[in-house]
Asks: 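Once you've had a glance at the structure underneath, I'll fire off some questions.
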Amino acid sequence: MSNEPLMKFENAASMGLSKEEWLDISKHIGRLPNLCELGIFSAMWSEHCSYKSSKKWLRTLPTEGKCVIQGPGENAGIIDIGDGLAVIFKIESHNHPSFIEPYQGAATGVGGIIRDVFTMGARPIALLNALRFGQIDYEKTPHLVSGVTSGIGSYGNCIGIPTVGGEVEFDSSYNGNILVNAMAVGIAHSDRIFYSAASGNGNPVIYVGAKTGRDGIHGATMASTEFNVEAESKRPTVQVGDPFTGKLLMEACLELMAANAVIAIQDMGAAGLTSSSVEMAAKGGLGMEINLDLVPVREANMSAYEIMLSESQERMLMVIEPSQAEIARQIFSKWDLDFMPIGLVTETNRLVLRKDGKIACDIPLEPLVKNAPEYDRPHLTPKIQTKTNIKDIIKDISILDALRILIGSEDLCSRRWVFEQYDSHVMADTIIGPGGDSALIRVHGTQKAIALTTDCTPRYVEIDPYIGGKQAVVEAYRNIIAVGAKPLAVTNNLNFGNPEKPEIMTQLVQSITGMKDACNQLSTPVVSGNVSLYNETDGKAIKPCPVIGMVGIIDDWRNAGTIALPANTDLVILGQDGNVNSGWLSNSIYAKKIAKKFGGAPPPVDLNTELKCGKFILDCYSNKLIEAAHDISDGGLLVALTEMMIAGKNGAEIKLPININSHSWCFGENQSSYIVATNEFNEIARRSKNSQIPYIYLGRAIAAQELKISNGDIISLNELEEIYNSGLTKYL
Amino acid sequence: MRIAVIVFPGSNCDRDMLVAVEKITGRRPALIWHKQSNLDPIDLAILPGGFSFGDYLRCGALAARSPIMSALHDHAARGGSILGVCNGFQILIESSLLPGFLLRNKELKFICKQTTLALNAESNCKLLASLDSKKTLKIPVAHNEGSFFADTETLSKIENNGQVVLRYTSDTSAYSGNPNGSLNDIAGVCSSNGKILGMMPHPERAMGAGHESSDGEKLLRSVFEAIIK
């Protein structure tokens, strides 16, 4: 053993470990740890790597299904899409780094999730993101929006993977803690998938990619603690991305995989060399010995602790077939990347690290993974929420003035300013890019396409986390359905505050339960995900934000629909009856923006109705009854219709119902409904009756560039478009 | 027809271009890695879009010094045809095979959108000779540094020589106008012999069948027709 000093509890506490955890670590090692050993334990046992507060609840989510090849626990989830092809996907957060250094934080978030996908043998084909910023007029917001947007773009654009969709929201609860969640989706041959479990005693362990520096040291631990006003002093812990090296690494790895040389592979993401070596060895039930003097470094005199905890980007660890080592070396030399054998797989079940000829670390592997702490944190019984009285919400303004306010607001206006900075066409398979319900990406060289979306409505989750958890799933489901694709599976990103506070834990437990119920009923298992807790600044938590990323499939992209409204079609609302199922204004954007009424019970989510309506829409698609479709969500019916008109450059003439208040009907946020444009209204009506799907005849799409309402109100499409498109630009 | 697509580290539209060429010609073009220093006789070299060498230093500056470039200079000197798209255009400018500079977009942001292009009726570009200059083309751009710039003298020289080939133009769509602040709305220029064309818009992303437009296919078809003649 080296003569490095052994640690005390104070050292452990500074790395975020509790007294019990510290005692456990010493027990597992059989002595006190040195700095490097303690660093490895604290990273592996951090909330970020161990899921210690959420594991108990994550286990309740459905993770199996007909299409599932790989559920949670690997780098990403995998589903079968037939014809020998698989979709590999995952979403992950990079919240704290993006607040401290928005450009690099967001860029490395994208880089990290891309590596998770190609590590498994997939060529990444699409990126999405889910972004939450502070109030739009908060002083830091424009800087953070610009930085995050260009950071996301810088990585995706350079590496050449289209960024095709996502969400952007603004709320004061994110003023001191923005959310940057990035999702990557790839395609692999289902018989050519690569996993991380090491095998073969004596097989070489290879380090490839960029060199290791002092950036991002202990980032996983930073992601597991609350923020405070001094957060910006943590800037040095933010990693720096290099998408060019990322591109070379991706091409080299995919080439190497095709050459049958890879036994196991893991990217060095959170907790860098620590988590990659520990997970590869532990999953294989083996040990690993690494000589840290061989690790390519870009700075002199790095300690064992720094090398193991660095989160420098664009690095991978592999176990390769010894007979293929030369081929592997040649491939990496072609791409001008480091390729360095740094150790061996052993049978000791221990992680042994050497540095300067001495042993720098010698610890058992099993406790790092299998004995990581797990907590059943206290939580409360949720309160029953009541609906805000409709009389307190509806204001005495015209429908059109309300529409003007809503579509021009930062909540609902066009996100073009953001998404035009992303290359959404590269790879030339983007059928539907940003701005629609789902993105639709052709599976290269086939007629199939996959539909992709990310969704969450934090203001619903805050008030009723159970409904909010369900609603995130059903909104994603509707977005997939609306383009004519069949929903298959989800990945989730659970962004919450400090789970040690019972009220935050309640949000987490309730939203997971809502997600569980929705995913079960809609047959969309959760195959991967990420948990980001401690999203608090100075003790104040964010609005809870359990994001759903959903993947669906359509057999022939030519049968897909968009939101673009064609002229001379009939407009039908499916899923609403114009009576009891219509007009839910409580906790709506209308209530927030026009009445300044925040909170109140969110719209109920009826899973059975969602499923029935979803199947009905797909049935209409397969019978060619639909010319365009859009789900109704934030802002309600009239906002959805406006988006369709702007996308299609056509107007509409609509009828108001007689037995319901026109504001609640136009702007209510009832779930499970869609606007559909059709040339076959009678057939849709007949089928709706047969299937007991409520519907309302809304009116006609017209070539005239205006919206005409039966009460005599008229507004030009030009004006609507102008308001819609300038919503963000006036702030940024 | 012998077509080669040159691949640099960081090129990311090489496959898209290959697919487009194969769709139109029925034949898969050769992919040539930048470390190669000689080139078998070809009719057309295509420099695809992407971020060669990560756009480090200046877009296209490092690629312009890759081993393959001397072979491309020889090909050009023999009167050979070259098409450079986006980063490929930047590389041709950095190699002095085309005039001018490409600066950062006016708004200092990456921009990805459809654009409407007009073919300059006065252009002497041999590669687009069969295109109808009365019809505009809808082809998307995706770049950070696409703002064409040249000093007054060079600008008037290339205008007078018919070396300005494509201009961003206005129509009634949301995609009208000059997206990046290019002088004289220039989107593409050619060499004085009309056989080397550089353009910022991506024709391989406007190939019909799922793309918003098929005008890129029309443009590429014209290039391939020109090299057969």
Asks: Is the shortest heavy-atom distance from the side chain of Ile111(B) to the side chain of Gln421(A) under 4.5 Å?
Replies: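 No. Closest side-chain heavy atoms not under 4.5 Å.
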
Asks: Let me know if Ser424(A) has heavy atoms under 4.5 Å from chain B in its side chain, its backbone, both or neither.
Replies: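 Ser424(A) touches chain B through backbone and side-chain heavy atoms alike.
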
Asks: Heavy-atom count check: over 12 atoms from other residues, nucleotides or ligands less than 6.0 Å from Glu719(A) CD?
Replies: yes

Asks: Applying the side chain to side chain contact (heavy atoms under 4.5 Å, CB included) test to Phe51(B), which of Cys158(A), Ser154(A), Pro243(A) qualifies?
Replies: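 Among Cys158(A), Ser154(A), Pro243(A), the one meeting side chain to side chain contact (heavy atoms under 4.5 Å, CB included) with Phe51(B) is Cys158(A).
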
Asks: Rounded to the nearest 0.5 Å, what separates atom CG in Asn12(B) from atom CE in Met427(A)?
Replies: 9.0 Å

Asks: Should Lys109(B) and Thr149(A) count as side-chain neighbours, where that means a heavy-atom distance under 4.5 Å?
Replies: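 Of all side-chain heavy-atom pairs linking Thr149(A) with Lys109(B), none is under 4.5 Å.
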
Asks: Which residue out of Ala142(B), Gly10(B), Cys13(B) racks up the most heavy-atom pairs below 4.5 Å with chain A?
Replies: Gly10(B)

Asks: Around Lys135(B), counting heavy atoms of other residues, nucleotides and ligands shown, do more than 12 lie under 6.0 Å from its NZ?
Replies: no

Asks: Between Ala20(B), Ser52(B), Pro9(B), who has the most heavy-atom pairs with chain A when the cutoff is under 4.5 Å?
Replies: Pro9(B)

Asks: Around atom NZ of Lys35(B), are there more than 12 heavy atoms of other residues, nucleotides or ligands at under 6.0 Å?
Replies: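 Correct, the count exceeds 12.
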
Asks: Measure the spacing between CD of Glu420(A) and CZ of Phe110(B) and express it to the nearest 0.5 Å.
Replies: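 Answer rounded to 0.5 Å: 11.0 Å.
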
Asks: Other residues, nucleotides and ligands only: do more than 12 of their heavy atoms fall within 6.0 Å of CZ on Arg2(B)?
Replies: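 Counting other residues, nucleotides and ligands, CZ of Arg2(B) exceeds 12 neighbours.
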
Asks: More than 12 heavy atoms of other residues, nucleotides or ligands under 6.0 Å from NE2 of His189(A): yes or no?
Replies: no

Asks: What residues of residues 198-206 of chain B sit under 4.5 Å from chain A when you count only heavy atoms?
Replies: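 Hits under 4.5 Å: Glu204(B), Arg205(B).
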
Asks: Do Asp423(A) and Lys113(B) sit within salt-bridge range, that is, some charged N less than 4.0 Å from a carboxylate O?
Replies: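 Result for this pair is no, no salt bridge flagged.
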
Asks: State whether the number of non-hydrogen atoms from other residues, nucleotides or ligands found under 6.0 Å of Glu22(B) atom CD is greater than 12.
Replies: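 Yes, the 6.0 Å shell around CD holds more than 12 heavy atoms from other groups.
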
Asks: Do His425(A) and His211(B) have side chains that approach each other closer than 4.5 Å (heavy atoms only, starting at C-beta)?
Replies: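 Answer no - side chains too far apart.
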
Asks: Chain B: which of Ile159(A), Ile161(A), Asp242(A) shares the most heavy-atom pairs with it under 4.5 Å?
Replies: Asp242(A)

Asks: Can you label the angle between the Phe244(A) ring and the Phe53(B) ring as parallel, tilted or perpendicular, going by 30° and 60°?
Replies: tilted

Asks: Near Arg28(B) CZ, under 6.0 Å, is it more than 12 heavy atoms from other residues, nucleotides or ligands?
Replies: no

Asks: Report which part of Thr430(A) has an atom under 4.5 Å of a heavy atom belonging to chain B: side chain, backbone, both, or neither.
Replies: backbone

Asks: Considering only heavy atoms and a distance below 4.5 Å, find which of Leu248(A), Thr245(A), Ile431(A), Asn157(A) pairs most often with chain B.
Replies: Asn157(A)

